[in-house]
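See structure below.
Values reported hereafter were calculated over all heavy atoms of this structure, with side chains retained and with hydrogens, waters and symmetry mates removed.
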Amino acid sequence: MRLSAAQARRVAVAAQGFHEPRPAGPVTRAHLKRLIARLQVLQLDSVSVSVRAHYAPVFSRLGPYDRDILDRAAWSHSSRAPRLLVEYWAHEAALMSVDDWPLMRWRMREYEHGRWGREIVKKNGKLAESVIEAVAALGPCTAGQIEEYLDAEPRGRKGPWWDRSDTKWVAEALWSAGVLTTATRVGFARHYDLTERVLPAEVVARQVDEPDAVRELTRRAATALGVATEADLRDYFRLGARQVKPAIADLLDAGDLEQVEVEGWSAPAYLRAGQPIPRRDRGTALLCPFDPLIFFRPRVERLFGGYHYRIEIYVPQDKRRYGYYVWPFLLDGDLVGRVDLKADRAAGALQVLGAFGEDGADRAQVACALAAELHAMAGWLGLGDVVAGERGDLMPELRSALVS
């Protein structure tokens, strides 16, 4: 089977939920649950210049919603509303379905001594035991509260990255190993607890062998992507080639995947079985830098006609091309522009610091649709105005569209 470049793009956009109309009424927990089943992960990131990354993909697909719905799903539990999401290294740090936590058991074994700072953790075996005892006694707590409980010496010498104390490194390692998990967050600060006190007993007890887990993760990545190369499939859950190659072979044999050729792609591609191929381009949304549609930048360039996107947070200001926290703009299923956004909460305004259109795009049409999305985003964030800046070739048209 052969797909045109346009067909592959439509499949990818539809697989991410952009072909479906946004809910006419309030967004509910059921809407969120269906979306997670489609996307699998919501990446976490500490940058809050506009809105934190895990909130944005839900807004992009479902429209304005009460963020408390996501907070409760991720960081609280009741008999009426059991915890729906849990944090783990599912892409990078991300929210994933609680039921999928056992699929990461193999990674937890790999991260027995943490993901980073492993030597620090290996040298502190007794501290690990003390941290577990402290969390057992305290309940949900931060690394600082654990240190206070242990009556630790003044922090003194820190770890080599992010200025973390040994206690923080050990707590993070225990989190990566699955011994601890995130019970809740307060001001985005992680509060650790014993995993067996946070997740259902049947989830904690479930064991999944690595080959079975990787095969299922590969299948889920294929569902979320629609059509993908091996490299695309690996990236979604950060899997290795040695893991994914046999998983793809098994999924092809089982009929879950179909190998296809895509116009302009140099590598073989795999189409998720049952994935419809839309005949029309649909889907309009602002995409945060960590949106699952644009996780893997080489795939973005393949899908969207060479659209080159890099996050420029760590680029010196005078060397940035587009801005600090730039959102690509999807219009009718294609990436046609990008905006550098900042939520000025003190002034009650969503600031558009820069606006840029792609070559060949109808700038008036792009600006009109973008203005509508920006007004919706401002309202969602509780901001009363959208203020246009000066940078970017799309700014004149956008400024006019914002006031019309």
Side-chain angles (χ1 to χ4, degrees), residues 1-5 7-20 33-42 84-86 88-91 94-110 178 202-279 292-293 295-296 298-299 302-303:
M1 183 177 179
R2 181 176 174 82
L3 297 179
S4 69
Q7 286 176 318
R9 186 184 68 246
R10 290 176 194 140
V11 166
V13 171
Q16 285 280 307
F18 290 108
H19 268 46
E20 296 182 358
K33 188 172 183 178
R34 285 196 295 271
L35 184 62
I36 294 299
R38 182 189 291 274
L39 302 183
Q40 306 297 323
V41 294
L42 297 173
L84 178 63
L85 305 173
V86 63
Y88 193 63
W89 299 115
H91 175 67
L95 293 169
M96 65 185 299
S97 172
V98 164
D99 290 339
D100 293 343
W101 187 83
L103 297 177
M104 296 296 175
R105 286 280 194 186
W106 60 273
R107 181 165 284 165
M108 294 171 195
R109 290 191 290 270
E110 288 186 356
E202 63 273 16
V203 170
V204 176
R206 190 183 313 143
Q207 298 291 329
V208 184
D209 292 338
E210 180 176 341
D212 293 337
V214 170
R215 184 167 53 252
E216 180 60 19
L217 290 170
T218 304
R219 187 184 70 81
R220 290 172 185 236
T223 302
L225 295 171
V227 62
T229 65
E230 179 193 314
D232 301 337
L233 293 170
R234 291 202 314 263
D235 177 78
Y236 209 79
F237 289 106
R238 296 291 202 255
L239 303 171
R242 69 161 185 84
Q243 297 172 303
V244 169
K245 287 181 184 296
I248 289 174
D250 288 348
L251 292 169
L252 287 169
D253 288 343
D256 289 323
L257 294 181
E258 177 183 355
Q259 185 168 331
V260 297
E261 294 181 13
V262 177
E263 176 189 3
W265 292 19
S266 59
Y270 303 95
L271 181 69
R272 181 70 172 95
Q275 174 67 51
I277 301 174
R279 297 182 179 181
L293 180 64
F295 272 165
F296 194 41
R299 183 170 188 263
R302 269 185 277 119
L303 282 172

Are Met104 and Trp89 packed together at the side-chain level, in the sense that at least one heavy-atom pair is separated by less than 4.5 angstrom?
no

Side-chain donor or acceptor of Glu263 paired with backbone N/O of Ser4 under 3.5 Å
no

Look up atom CE in Met1 and atom CD in Glu261, then write down how far apart they are to the nearest 0.5 Å.
11.5 Å

Rounded to the nearest 0.5 Å, how far does CG of Leu257 lie from OG1 of Thr223?
8.5 Å

Charged N to carboxylate O under 4.0 angstrom, Glu216 versus Arg219?
yes

Partners passing side chain to side chain donor-acceptor pair (under 3.5 Å) against Lys245 (at least two apart in sequence or in another chain):
Glu230

The reported gap from CH2 in Trp101 to CE in Met108 (rounded to nearest 0.5 angstrom) is 4.0 Å

Just by distance, do the side chain of His91 and the backbone of Asp235 share a donor-acceptor pair under 3.5 Å?
yes

Main-chain N/O of Ala213 paired to Arg105 side chain as donor or acceptor, under 3.5 Å:
no

Interatomic spacing from CG in Asp100 to CZ in Arg206 - rounded to 0.5 Å
8.5 Å

Hey, are the side chains of Leu225 and Phe296 touching, using non-hydrogen atoms and a 4.5 Å cut-off?
no

Are any side-chain N or O atoms of Arg220 and backbone N or O atoms of Gln40, one a donor and one an acceptor, separated by less than 3.5 Å?
no

Side-chain donor-acceptor contact under 3.5 Å, Glu210 with Gln243:
yes

Closer than 4.0 angstrom, basic N to acidic O: yes or no for Arg38 and Glu20?
yes

Pair listing, ring pair (Phe, Tyr, Trp, His ring centres under 6.0 Å) test, anchored in residues 204-235, at least two apart
none

May I ask you to decide if Thr229's main-chain N or O and Asp232's side chain share a donor-acceptor pair within less than 3.5 Å?
yes

Has Gln16 got a side-chain atom pairing as donor or acceptor with Ala224's backbone, closer than 3.5 angstrom?
yes

Quick check on Arg2: does its CZ atom have over 12 non-hydrogen neighbours (other residues, nucleotides or ligands) under 6.0 Å away?
yes

For Tyr270, the option from Val260, Leu233, Thr218 that meets side chain to side chain contact (heavy atoms under 4.5 Å, CB included):
Leu233

